[in-house]
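Inspection log for the structure reproduced underneath, given as structure tokens.
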Amino acid sequence: MKPEGLRYIDEYRDSALVLHLSNQIRKVSKKPVNLMEVCGGHTMAIHKNGLTGFLPETINLLSGPGCPVCVSSQTFIDHAIALGNLPDMILTTYGDLLRVPGSLSSLEKEKAAGSDIRIVYSVLDALEIAKQNRKKQVVFIGIGFETTAPASAAAIKKAEMDGIRNFYLLSSHKVMPPALEALAAGDTKIDGFIAPGHVSAITGYGIYQKFAKVYKRGVVISGFEPADILQSILMLVKQIELSNYHVENEYKRIVKPGGNPKALAIMEEVFIPVDAEWRGLGIVPESGLAITEKFAAYDATRKFDVKIPESKPPRGCICGEILTGKSKPSDCRLFASVCNPLNPVGACMVSSEGACSVFYKYRA
Amino acid sequence: MRDTKERISMNHGNGGIYMNKLITSLFLHFFENEQIREQADSAILRVNEGHLAYTTDSFVIDPLFFPGGNIGSLAVCGTLNDLAVSGAKPQYLSAGFIIEEGFKLAHLTRIVKSMAIEAEKAGVRIVTGDTKVVNAGKCDKLFINTSGIGLLEERHLGIGSGQKIKPGDKIIINGPPGEHGMAVMQARKLFAFKTNLKSDCANLYPLIRKILSASDHVHFMRDATRGGIATVLNEVARKCNTGIEIDEMQIPVNEEVKIMCEILGFDPLYIANEGKVIVIVDPDDAIEVVAAMKRTETGRDAAIIGEITSDHPGRVVLITRSGGKRIIDELIGDQLPRIC
């Protein structure tokens, strides 16, 4: 039986539509603008589909901090590595994190050297591993924004419900609004944000009002297909040309104004906002998600006391500048020479959604 | 921190850039000779007045049984295909088994039986073998190595090495990429998908015989296994220092593979196949070759997907569905599902 095709994929990749949007943008765009695609998924979609070739020279796209792996601090990787060296420990993680360099090693190297590190596709798989290995400790390395944090929260609740006591979360979960606000409020050249589609599906879009009203930046929540992204750019260019800044939602088929109340509620129950370190942005107030007192028994940070080596940032790497839109990967003197996917210096070269990795992979 | 220096990681086995580095800097370096230097699917050996194609392949797969085949059918077809794409007619195979203590005899029987069936269908004999049993935990249930010998006619010399490839040549594939990799992934039950996907595991010799009788100007063939068709095309571009342009709209698509890839964030061009061949032919013969392929079971969905260019030597470029262009690079790390 032939399955019914996935809808809303090819329609948004249609070459005539893409060309039409491209022509519209060329018509409307007069002054040079800097637009930040916040989400790594957008960076990837732009380059995977060769979209920069459809844009006039007036439009400069900047990659943002929306790549969960990239913004995870080196200290966090070192922390995970130290946990992996404990006896009877199984570390579970999303695969992208494996190759990110810590101060002295990476999880991938530790795995080859004997640490029990397993790639999982969902945090619930990590829970299952804990169930089947009751004599071991199982830590899930939780990274990601509002898109993955609710799943980690749900896993903790499920562990409690099922009486699984050997499952822990090492949380590096982060929330997007404070980081974006730091960028919008800061001395940046960003005229408008291509706002993250899937984060917004959870948060809704009240969070962006301030960016438009107070900081005078355009905001359009965008989907991830070529036509979505070009349509969003067109909407942003119109806002900026008219100096009429407001929040628009291009990704209406997924994003609702109020977001996903269920996901927001479970995050609030399990996590508490704390100041967190972002690669590139430094400490951003209330941007990290730590585990609340109520679920302290599932917190890897509280449970395991490990020594984390003092972290040394890699010399010459400008990941931080790239994540804040101040530089492009090609501005880095390590890019594609010392730093490449085989030998990544910074996290942006590792993640499939990292700006450097995307620029390297799809270089034209 | 553990002692992490100089160890083999899983990336050294994925068919991509790490593996290529290991092969050239270690194996080719120490084994250096004119045959191995070609890095073709089979080594071509001159014997008296004729030529033999000789190849070997080891099979490790989890799970051992999957929709569309098992490790045994894979071990036979894989080696038959390596011979066939060199232009040779497969003749004899060997089979070596490394078996973990405790492995069920019924399972081994099922696997060996399917090897015998595949060999018989292909008209080849499995003429020699080896058996080793290792302690429980020392290997993952069962590993199989097969090697094969085929006969190569003078006029098909050079097909495996790509030395005849020239700008303007057409690139053909026999069907949609990614079915094997996605069927196996599904069989691992990692995702809660239900599909009807089957591995494309098949002996390609009957198809290849038709291709070779349709055209005397087949310039290259390779089965696109690990690392997918992206890896084969990159090998061609690098080795022949030629450009390649392929058109996304022309690549045959299996709808279920496409859906799984969209959800997981995978690119089907990098996913493993066990019954797909990339054929590079003179442009004048391309349509005839495709027509001949379409008349076979494993070539029904054959299509011209692109061509060899003199532009951008060493690079594979894809024209996307939306009309953009992007580079199809060599595989670096294994593809991983998107995080969000």
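Only this structure's heavy atoms are used, side chains among them; waters, hydrogens and symmetry mates stay out. Here is how names work: the chains are called A, B, and so on, in the same order as the sequence lines, proteins then strands, and each is numbered from 1. Since the model is a prediction, treat every value here as computed from it, not as a measurement.
- Comparing A:Gly41, A:Gly102, A:Gly114 by heavy-atom pairs within less than 4.5 Å of chain B, the highest count is held by A:Gly114.
- Heavy-atom neighbours of A:Gln132 CD from other residues, nucleotides or ligands within 6.0 Å: above the threshold of 12.
- Applying the side chain to side chain contact (heavy atoms under 4.5 Å, CB included) test to A:Pro309 and every residue at least two apart in sequence or in another chain returns A:Asp78.
- B:Lys239 NZ: more than 12 foreign heavy atoms inside a 6.0 Å radius.
- For A:Asp125, the part sitting under 4.5 Å from any heavy atom of chain B is the side chain, from C-beta outward, and nothing else.
- Annotation: maximal heavy-atom pairing with chain B below 4.5 Å, among A:Arg99, A:His47, A:Met44, A:Glu225, occurs at A:Arg99.
- A:Ile119 touches chain B through its side chain: at least one heavy atom from C-beta onward sits under 4.5 Å away, while N, CA, C and O do not.
- A donor-acceptor pair is defined here as one N or O able to donate and one able to accept, closer than 3.5 Å; such a pair exists between the side chain of B:Arg326 and the backbone of A:Lys48.
- Residues A:Asp10 and B:Lys258 are paired through a salt bridge, judged by an N-O separation under 4.0 Å between the basic side chain and the carboxylate.
- In A:Arg253, the CZ atom is crowded: over 12 heavy atoms of neighbouring residues, nucleotides or ligands sit closer than 6.0 Å.
- With rounding to the nearest 0.5 Å, the separation of CG in A:Asn49 from CD in B:Glu248 is 7.5 Å.
- Counting non-hydrogen atoms of neighbouring residues, nucleotides and ligands closer than 6.0 angstrom, the NZ atom of B:Lys294 exceeds 12 such neighbours.
- Interatomic distance, SG of B:Cys261 versus CD1 of A:Ile9, reported as 11.5 Å (0.5 Å rounding).
- Interface remark: B:Met10 contributes side-chain atoms only to the contact with chain A (heavy atom separation under 4.5 Å).
- Of the two parts of A:Pro226, only the side chain, counted from C-beta on, holds a non-hydrogen atom closer than 4.5 Å to a non-hydrogen atom of chain B.
- Heavy-atom minimum distance, A:Ser15 versus B:Arg321: CB-O, 3.5 Å.
- Both the backbone and the side chain of A:Tyr360 come within less than 4.5 Å of a heavy atom of chain B.
- Looking at A:Val120, neither its backbone nor its side chain comes within 4.5 Å of chain B, counting heavy atoms on both sides.
- Only the side chain of B:Thr320 comes within less than 4.5 Å of a heavy atom in chain A; its backbone stays farther off.
- Contacts between B:Ile319 and chain A at a heavy-atom distance below 4.5 Å are absent for every atom of the residue.
- Counting heavy-atom pairs closer than 4.5 Å to chain B, the top residue among A:Ile143, A:Val18, A:Leu97 is A:Val18.
- Counting heavy-atom pairs closer than 4.5 Å to chain B, the top residue among A:Lys361, A:His198, A:Lys111 is A:Lys361.
- Note on residues 106-126 of chain A: pairs passing ring pair (Phe, Tyr, Trp, His ring centres under 6.0 Å), not counting sequence neighbours, are A:Tyr121-B:Phe191.
- A:Thr52 does not touch chain B: none of its heavy atoms, backbone or side chain, sits under 4.5 Å away.
- One distance of note links CG of B:Asn11 with CG of A:Leu342; it measures 9.0 Å at 0.5 Å rounding.
- By the 4.0 Å N-to-carboxylate-O rule, B:Glu262 lies close enough to A:Arg13 to be salt-bridged with it.
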